[in-house]
Amino acid sequence: MDLLTGNRFDVRSYGIGAAYAGWLLRELGADVDHRTALDPGGLGAWLAEGGAFEAGPGLARRSGAMLITDAPVTAANRAALEGLASEGPVTWITPWGLAGEWAERPASDLALYAASGWMSAVGDADREPLAPPGAQVQFIGGLYAAIAALVTPAGSREITDVPLIESLAATLIYDTVSFQYHGLTRERAGNRFSPAQPTLVTLPCKDGHVGIHAALHGQWMALIELVGHPELAQDPRFAMPLDRAANHEALYGYILPWLRERTRLQAYHELQAVRIPSSFMPDVVEVLDSPQLAAREAWRDVALPGGPQVRLPGAPFRVLAANEPQPASGEPGPWRPGALRVLDLSMGWAGPMVGYVLAEFGADVIKVEGTSHFDWWRGSRPPTADSDPWLIEISHVHNAVNRGKRGISLDTRSPEGRELVCDLARTADVIVENFAAGVMEKLGLTYEALSAANPRLVMMRLPGMGSTGPEAHYTTFGNTIEAMAGLSSITGYEDGPPMMLSNALGDPIGGLVGTVGVLAALAGRQQDGRGRLVECAQLEGFLPIVAEAYLEYQVAGELPGRRGNRRAGSEPSGLLPAAGGAWVAFEVRDDADWSRLAPTIGEAWALDPALASAAGRSPRYAELMAQLRAWSAGMDADGVVAKLLGAGIAAALVSNEADVLGLEPLVAGDFWVGHDRPPVGYHMYPSVAIRPGERPQLTRPAPILGEHTREVLAGLGRTQSEIDALMARGIAGEPAVAV
């Protein structure tokens, strides 16, 4: 792929984050000089292919190249990178950010998950909370670093900080915003996504478990019809989502008999046949053998030095069409002068996140919603004639990911509505959509149609499973993607079933991958004047997040099991209880860590010489965790964290959403941004996890449905009488209440 031909990056990776950023940029055609401390016999063979392997990659750059690194935060490295930034742009992935008192605090993946709020709502209510098992945080940081590298001007003379703690907090918008709206913290609900979501659930079937991800009203109706109980639509116990949540055990009494008669694959295909997002919870082998991924040639063969050839993910970007080169037209249209022009046709989270991130960096984003079939994240059903017209404006998730945009309402199912979309496309730079394969074709809004009068148009498609392959038409949510990539199969307690995360990670990953793809296509257009249709299937964009497990299986020959919070190579590691029901995450990363922790504990068992090496500690993991938990249980959480940090151990309190809002590195980094929006009022929302010297700040809250319809249509040249006629006929819509 040649989208980034002529762009030069020097990557100095000490971990997965910078290495993944470099891999993405190299896959897009950039000239990447990569020096890494990763293992050449492990993920390094894939992420740093063609690079140099060094124990301590030096912090240096070629003339004219941007430097990307995740070097440890030390005074020496800070001074070195500040010096390099005086010559050209530097992107630095850091654990806690460069601002504030935590900048040089010990860090690990598990500590970051704990502090960010990721863990508190995952797992059983009466057991410890759970984190995902790998370095997902570093991959997320790598995505943000790639975006930072592509939005940073070549003439920049500063360090752009990409804090991993912000990378996690920015992908966890459900809880921190919901807490402010409703004043409630979210409890762990075991096999359910949340206590309020009984049909986002993992349930047993004949040969394992199936994920049912039926969040919308239509999907609920399809589910009860499929399992043979349409009468539940009239049952007051299940009338509304909260009723179903209160009676979820009774509800499962109707669903489980249907599942017990079916294998995972049978249930999966039958659920998908009626357009219910679902997953058969594939394990790593089943993901590697996926017919959908095979049909799309999603894997790449990677040779390990002196070892086997393994399959690992290929680039998630596909250029499906490219137009002939054209000069910029300069037509004004309804856009802000000088801004990147983005037409957002997407719904939910993944697609809208692309528009949101672009808006953070100055794009003028116009979000198009239907007059009655609006973004389902506003709510799964339109308000009835006698309901509150503000009902569709109080969704914390919609309001978080659509900030910075203008919003218009058009009936795209009508010829006139489609014509207006085409008129907007004629002067746009970018279009984003995330519908299932075939939807845009049914609407007549194909790239061919939308770019006919605008050959420079870049269109990003984000289908869940891809636009081709035997499962192309299957419907997905973020939970579906997470499960179908195999992450759910390795997340959970050692003695428990596969477990969903609590934040639908597939969605923000899809949005971030899509953003990288858009920025790369724009960079390509700047070089050659060609508009392009780019596809980033959300499942394929998520595969790298699970790459450690794919590699582990192929090298060791055994399926990765669920390990709770135990981290591979960190002996011991996990969660420790503290007074008041709090939990503290910790990782003993090496023998030096243990040599400092043992005297801090000060008890005879900890000073046993047999524990001095990881080889001595590993077989005694259960015993050590029991003793450590007895040591910590009587202390308050702050005391436990202080003792662990004092010994140089990476540790953090397992924070809930209230804790995260006041977390020191997020506050010190000005991560939270306030918006006042009717009818919900003033609240704090997360920023992007990219901080140049001056963090970009959105000034516009998420739009009210149809808030800017008149303004945008007037910018298209429609007269007020013409707009009135469109409104009267339902082709265009405006707010149901005064704004």
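A quick note: this is a predicted structure, and the numbers were derived from the prediction, not measured.
- Taking each heavy atom of L112 and P95 in turn, the nearest pair found is CD2-O, 3.5 Å.
- A 4.5 Å side-chain heavy-atom check between W377 and W349 finds at least one atom pair inside the cut-off.
- Classified by interplanar angle (parallel below 30°, tilted 30° to 60°, perpendicular above 60°), the ring pair Y181/H396 is perpendicular.
- Between A170 and P686, the shortest heavy-atom distance links the atoms CA-CB, 4.4 Å.
- Side chain of Q272 to main chain of T475: a donor-acceptor pair is present (N/O by atom type, distance under 3.5 Å, no hydrogens or angles).
- Remark: F179 CZ to R186 CZ distance equals 14.5 Å, nearest 0.5 Å.
- Within the 4.5 Å cutoff, the side chain of L410 has no heavy atoms near those of the T371 side chain.
- With hydrogens and angles left out, the side-chain atoms of N191 and T202 include no donor and acceptor closer than 3.5 Å.
- Under the 4.0 Å criterion applied to side-chain N and carboxylate O atoms, R691 and D670 are assigned as salt-bridge partners.
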Show the numbers, then the answer: is there a salt bridge (Lys or Arg N to Asp or Glu O under 4.0 Å) between K367 and E707?
CA-CA 10 Å; K367 181 179 177 69; E707 180 177 350; over 6 Å; no

Checking V354 against L358 for the side chain to side chain contact (heavy atoms under 4.5 Å, CB included) test, could you report, in this order, the C-alpha distance in whole Å, the side-chain angles of both residues, the deciding distance, and whether it holds?
CA-CA 6 Å; V354 178; L358 295 174; 4.0 Å; yes

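- Using a 30° and 60° split on the angle between ring planes, Y268 and F280 fall in the tilted class, from 30° to 60°.
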Determine, step by step, whether L445 and R418 satisfy the side chain to side chain contact (heavy atoms under 4.5 Å, CB included) criterion, reporting the C-alpha distance in whole Å, the side-chain angles of both residues, the deciding distance to 0.1 Å, and the verdict.
CA-CA 7 Å; L445 297 175; R418 290 193 293 272; 4.2 Å; yes

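- Contact check for P282 versus M484: side-chain heavy atoms found under the 4.5 Å cut-off.
- T185 and E657 are not linked by any side-chain donor-acceptor pair at a separation below 3.5 angstrom, with hydrogens and angles left out of the test.
- Expressed to the nearest 0.5 Å, how far CG of D388 lies from CD1 of I394 amounts to 7.5 Å.
- Looking only at side-chain heavy atoms (C-beta outward), V660 and L666 come within less than 4.5 Å of each other.
- Residues E540 and F317 are not in side-chain contact: their nearest non-hydrogen atoms beyond the backbone lie 4.5 Å or more apart.
- When only modelled atom types and interatomic distance are considered, Y113 and Q136 share a side-chain donor-acceptor pair under 3.5 Å.
- Judged purely by atom type and a 3.5 angstrom limit, Q292 uses its side chain to pair as donor or acceptor with the backbone of E471.
- Here the closest non-hydrogen pair linking N402 and P703 is O-CD, 3.5 Å.
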I'd like to know whether V680 forms a side chain to side chain contact (heavy atoms under 4.5 Å, CB included) with W390, so could you lay out the CA-CA distance, the side-chain angles of the two residues, the decisive distance to 0.1 Å, and finally the verdict.
CA-CA 9 Å; V680 295; W390 283 116; over 6 Å; no

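- N434 places a side-chain N or O within donor-acceptor distance of the main-chain N or O of M347, the cut-off being under 3.5 Å.
- The backbone N or O of A428 lies less than 3.5 Å from no partner atom in the side chain of R341, so there is not a single donor-acceptor pair.
- Annotation: the span from R532 atom CZ to L522 atom CG amounts to 10.0 Å, rounded to 0.5 Å.
- The closest side-chain heavy-atom distance from P352 to K405 is below 4.5 Å.
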Could you walk me through whether R461 and S467 pass the side-chain hydrogen bond (donor to acceptor under 3.5 Å, both in side chains) check?
CA-CA 9 Å; R461 305 197 67 177; S467 60; 5.5 Å; no

Is there a side chain to side chain contact (heavy atoms under 4.5 Å, CB included) between I509 and I140 once you walk through the steps?
CA-CA 7 Å; I509 295 297; I140 298 169; 3.6 Å; yes

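- In this structure, the side chain of E433 engages the main chain of F435 through a donor-acceptor pair within 3.5 Å.
- Using cut-offs of 30° and 60° for the angle between ring planes, the W376 and F477 rings count as tilted.
- In this structure, OH on Y356 lies 13.5 Å from CG on D344, to the nearest 0.5 angstrom.
- Taking the six-membered ring wherever Trp is involved, the centroid distance between the rings of W23 and F139 does not fall below 6.0 Å.
- When all heavy atoms of E360 and S687 are compared, the pair lying nearest together is OE2-CA, 3.8 Å.
- E369 contributes no side-chain N or O that, together with a main-chain N or O of L705, makes up a donor-acceptor pair within less than 3.5 Å.
- Taking the side chain as every heavy atom from C-beta outward, H248 and V201 never approach each other to under 4.5 Å.
- Here the shortest heavy-atom pairing between G541 and V513 reads O-CG2, 3.9 Å.
- Using a distance-only test at 3.5 Å, with no hydrogens or angles considered, a donor-acceptor pair links the side chain of D364 to the main chain of R336.
- Using a 4.5 Å cut-off on side-chain heavy atoms (C-beta onward), I431 and L450 make contact.
- Here the rule is side chain to side chain contact (heavy atoms under 4.5 Å, CB included) with R677, and of E393, R403, H683 only E393 fits it.
- In this structure, T171 contributes its side chain and P508 its backbone to no donor-acceptor pair below 3.5 Å.
- Closest of all the heavy-atom pairs between A520 and L28 is CB-CD1, 3.7 Å.
- One distance of note links CG of L223 with NE2 of H213; it measures 12.0 Å at 0.5 Å rounding.
- Rounded to the nearest 0.5 Å, atoms OG1 (T176) and CG (D659) are 12.0 Å apart.
- When atom types are taken as modelled, the side chain of Q219 and the backbone of V274 share no donor-acceptor pair closer than 3.5 angstrom.
- Between the side chain of H708 and the main chain of G407, a donor-acceptor pair closer than 3.5 Å is present.
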